[in-house]
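Working notes for the structure below.
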Amino acid sequence: MPRYNPAALEPKWQDFWQQNRVFAAPRLPQGPKLYVLDMFPYPSGNGLHVGHPEGYTATDIVCRYNRMRGRSVLHPMGWDAFGLPAEQHAKKTGTHPRTTTEANIDNFRRQLKMLGFSYDWDRELATTDVNYFRWTQFIFLKLFDTWFDPQQQRGRPIAELPIPDDVEGEAAAAIYRDEHRLAYQLEAPVNWCPALGTVLSNEEVVGGLSERGSHPVMRIPLRQWMLRITAYADRLENDLEGLDWSDSIKALQRNWIGRSTGAEVDFFIGTMGTDDGMPLTGEYEGWQTDRTAAGYPRKPGDEVLRIYTTRPDTLFGATYMVIAPEHPFVERLTRAEHADTVRAYCEEAGRKSDLDRTDLAKGKTGVFTGSYAINPVSDEAIPIWVADYVLISYGTGAIMAVPAHDTRDFEFAVEFGLPITAVVDPGEGADIPRDELLAGKVAFIADGTAINSGPYDGLSTPEFKKKIAADLDTKGQGRSAVNYKLRDWLFSRQHFWGEPFPILHELDDRGKPTGVVRALEPDDLPLDLPEDMKFDASHDSPEPPLDSAPDDWLYVTLDGKRYKRETNTMPQWAGSCWYYLRFLDPKNDEVLIDPEVEKAWMPVDLYVGGAEHAVLHLLYARFWHKVLYDYGYVSTAEPFQKLVNQGMILGQMEFTARQWPDGTFYHQAEWTSDITPEGNYVKPGSLPTTTVKVPANKVKKHGENFVWQDHPEAYVDNRSYKMSKSRGNVINPDEVVAEYGADSLRLYEMFMGPLESVKPWSMEGVSGVRGFLDRVWRMIIDARAETIVLNAAVQDIEPSAEQNRMLHKTIKAVTEDLDQMAFNTAIARMMEFTNFFTKEDPRPRSAMEQFVQLLSPFAPHICEELWQALGRDETLTLHPWPEFDESAIKEDTIEIPVQILGKLRSRIRVPADADRAALEKAAREDPRIIELVADKTIVKAIVIPGRMVNFVVK
RNA sequence: GCGAGAGUGGCGGAGUUGGCAGACGCGCUGGAUUUAGGAUCCAGUGGAUAACAUCCAUGCGGGUUCGAGUCCCGCCUCUCGCACCA
């Protein structure tokens, strides 16, 4: 009875591959290399999700295909294993996170092996391995020991940092160095959630509440480690150019980096408080003279408010200024009579979450400080306001407001009755009516011609920008500047389950930190987490859990000084920033990677993963890579040459009808746009509808819409939703494999559609590809025999011309589709092959063999079994890929469509190599065409040999 | 609002440089076989019509062309990302 039985045959071949180490990659590539990488998973307690095998199958197919084509393939897998859930679990149960993590990894590994992926398991690693994070810590030490040289545009050892003359003394020099390191410390606000007893990342905070459990989140300042990724912003942006990534991902990264060019300008505010808040004219004039002589200073003094603008050409239109509520000058600038309102406003702003503050739907808010600054081009005093639409974290945290040419400033000016002066003329034919602009009724933000700008009148916006930047520079009042939306990377987390920082804080005699930090020596690494930690659910301080680590871990005495270890840990991103390097040399105890090995395998030729990592992970990893590149640890400027993002797999299509409380169904005629967030309808005098699921087989099409067969009036909505536990539409790979087999799961996920698209799951679809594999099996195997023997139709004969054509067409199509990662169409071609050959009898063994080779990257288990049944005893995995013969595909005669006025009217059969004249003649002689053109004249014939004929008639 | 992408049968999706729209799979209809089948095999399946003929069909409206799913212009809808970045 040997029916196709994946449950028996798949484990058999998985054992075979493992025992023979078929997929182990050599230390150095033998021949042309291919490094194919999956984004390694976080081993969650829920196990594998059907989204994981999507990308993994795609890369596995690429690897298996390329091995058969003679490439030396490296295909590793590992675990991004630090993460909050294991720590939360520890707090609840007391189980050490390492125990939980290891159990989860075991489950993930079992599931991946069950799917037959051709990983080199000898290279497996986890970010939580002490021998791995030893080198993560090593890289951190490098970052700590590096400053970015803007001239050379590269990272250099901190010892090489030139100390300016105005920095005097070794203590000041040390501070200066600390200010320039790629890893530095900062007081930064964190999202502290008292109910969860943990600090959350911004992504984990939704609307001021924690994503899990919806508990209130407070923003409190805490000492943090930051990484100076902004120093590398230009290189991160420019180097995108040469990468084989989709334009949309590149656009996403460029957008995130958000480079803008403009100017910094200092507005004079004076150092002496005056009764009316106006700077003193005499002091201002003195300042102007000083600046012209001394030039524009690196850091602004107390006498000016420094702003950043992309539109220095609108300086004459700056009618007020705004500083962020967190700006250090707020208190200084606030005059006594405004103190209460300003303080209240800033406190309120501090309480608001980022989300609340950036809610555009709400109008602009702000308060006047009572002080004024002097506009350096017009010498006029303009009021300084505090408003939360200005962000402290961008530019200088202060702006000049030009309401006539900036929509945000315009809104604010209208709200608070501030003057609006137009200084850019849109010209004739612009979208904006000029008279309304001049009257302060609208804002115009595009380029134009300068007006009301003194000596600059008549200049175009770009000319103006260039000239004013030069003039400000001459006067020492401003200079060209570049800014990025990209912020420095907040690199510390208040968690236990992460990499400890290899950093010590010096303590004074009373045990208080002196502010001096000392890095561990690379030879002192790894610094492991303390073994004997107590995990306590009642931990309710925002301080890191490691603060309550045992003293023998926490305190260190070195050279007679007492130190406390850094108790923050690194974020989950850290480990994933360089794992692709360690896979090349995972057991090396001497260096993070052997340069010979690095040179031979890097870069990653194909990197596949979810689009959710399109920005942060890829940006962070590229940043680290560039730092390592600057030190020569890696030989390529970029780590990932080709990147493909797989699309999300949604749940099975759901059909829903909406029912009113009175039992009637929502129908087309009562169309309403009043809909609740859940998609339920609202009408006066009734409670909203409730959602009713409709069985798929009861849905019928009616006109443009779907209706419910049992209630033909009911309007039925059809949609697929993201898989989620709460919706109950999650598909478990274990169950799919148990019912259909791993090969069917793999094949289905590739058959659903293009790898990059979002696609809904369909269990019927899985059953469909299982049917295909059943047919393949029966095409080759005698399903009625007791043992596995070939189908009697499979014989050692030469293929017929037609069979040969089918075979070679299939080889060609599958090969070309694989080169383009068009897996869905490759599978379709193989289905066509099977549909053809199951009708053939006899079936040449050679054709069957080559077909099995084509199918094997997709469905490796069944193919190994068939390969063996066909009499081959070595593994199929390394057997050379079939070549196609173009001459076998060629047909003697082909069918050519004949059109009249572009409409298909007939088909003619002609020799494949028929030339233009022969084609036209054959078409003119076709009886159907003769009939149709009988009473017309052919004015023109368009003939494309091998393609079509089109007659233009009158 | 900005940026990116996508709209093709009942569903997932194919469609090379513009050249036979709907490959392949699911679903559906009919038939064969079977004790039975959610098994297997055969045939059909975009819509309209009595039609093997014709007309209409790739989100909508224009345009270019002998010929447009594909190119151009203008809309609409959906998805994703960013979101007061001065």
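Below, each value reflects all heavy atoms present in this structure, side chains not excepted, and no hydrogens, waters or symmetry copies.
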**Prompt:** Does a sphere of radius 6.0 Å around CG in A:Leu243 hold more than 12 heavy atoms from other residues, nucleotides or ligands, not counting ones at 6.0 Å or beyond?
**Reply:**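 More than 12 within 6.0 Å, yes.
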**Message:** Take a 6.0 Å sphere around NZ of A:Lys250 and say whether it holds more than 12 heavy atoms from other residues, nucleotides or ligands.
**Reply:**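 Buried by this count: over 12 neighbours within 6.0 Å.
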Polar-atom pairs under 3.5 Å, protein N or O versus N or O of nucleotides 53-62 of chain B: list them with distances, or write none.
residue : atom : partner  : partner atom : Å
B:rA53  : O3'  : A:Arg928 : NH2          : 3.3
B:rU54  : OP1  : A:Arg928 : NH2          : 3.0
B:rC55  : OP2  : A:Arg905 : NH2          : 3.1

Any base atoms under 4.0 Å from [X], or only sugar-phosphate, or nothing? Heavy atoms, all strands.
X	result
A:Gln253	nothing
A:Gly768	sugar-phosphate
A:Gln899	base
A:Thr310	sugar-phosphate
A:Ile944	base

**Fill in**
A correct dot-bracket answer for RNA chain B, with pairs being Watson-Crick or G-U at under 3.5 Å, [ ] for crossing pairs and | for inter-strand pairs, is (((((((..(((......[....)))((((((.......))))))(((.....)))..(((((..]....))))))))))))....
**Request:** Indicate, with yes or no, if the rings of A:Phe772 and A:Phe751 have centres closer together than 6.0 Å.
**Result:**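 No, they do not, as the ring centres are separated by 6.0 Å or more.
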Show the distances under 3.5 angstrom between N or O atoms of the protein and N or O atoms of nucleotides 11-17 of chain B.
residue : atom : partner  : partner atom : Å
B:rG12  : O2'  : A:Met752 : O            : 2.7
B:rA14  : OP1  : A:Asn824 : ND2          : 3.2
B:rU17  : O4   : A:Arg947 : NE           : 3.4
B:rU17  : O4   : A:Arg947 : NH2          : 2.9

**Prompt:** Under the side chain to side chain contact (heavy atoms under 4.5 Å, CB included) test, which residues partner A:Arg727, sequence neighbours left out?
**Reply:**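 Per chain and number, A:Arg727 pairs via side chain to side chain contact (heavy atoms under 4.5 Å, CB included) with A:Glu654, A:Tyr721, A:Ser724, A:Asn729.
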**Item:** Charged N-O contact under 4.0 Å between A:Asp313 and A:Arg311
**Value:**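 The answer is yes: the pair qualifies as a salt bridge.
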Can you give me the N/O atom pairs linking the protein to nucleotides 41-47 of chain B at distances under 3.5 Å, or say none if there are none?
residue : atom : partner  : partner atom : Å
B:rC41  : OP1  : A:Arg778 : NH2          : 3.3

**Message:** I want to verify a distance call: between B:rA86, B:rU79, B:rA4, whose nearest atom is closest to the A:Arg719 side chain?
**Reply:**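 Nearest to the side chain of A:Arg719 among the choices is B:rU79.
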**Close residues, residues 397-407 of chain A, relative to RNA chain B [heavy-atom separation under 4.0 Å]** =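 Within residues 397-407 of chain A, the residues near RNA chain B are A:Ile399.
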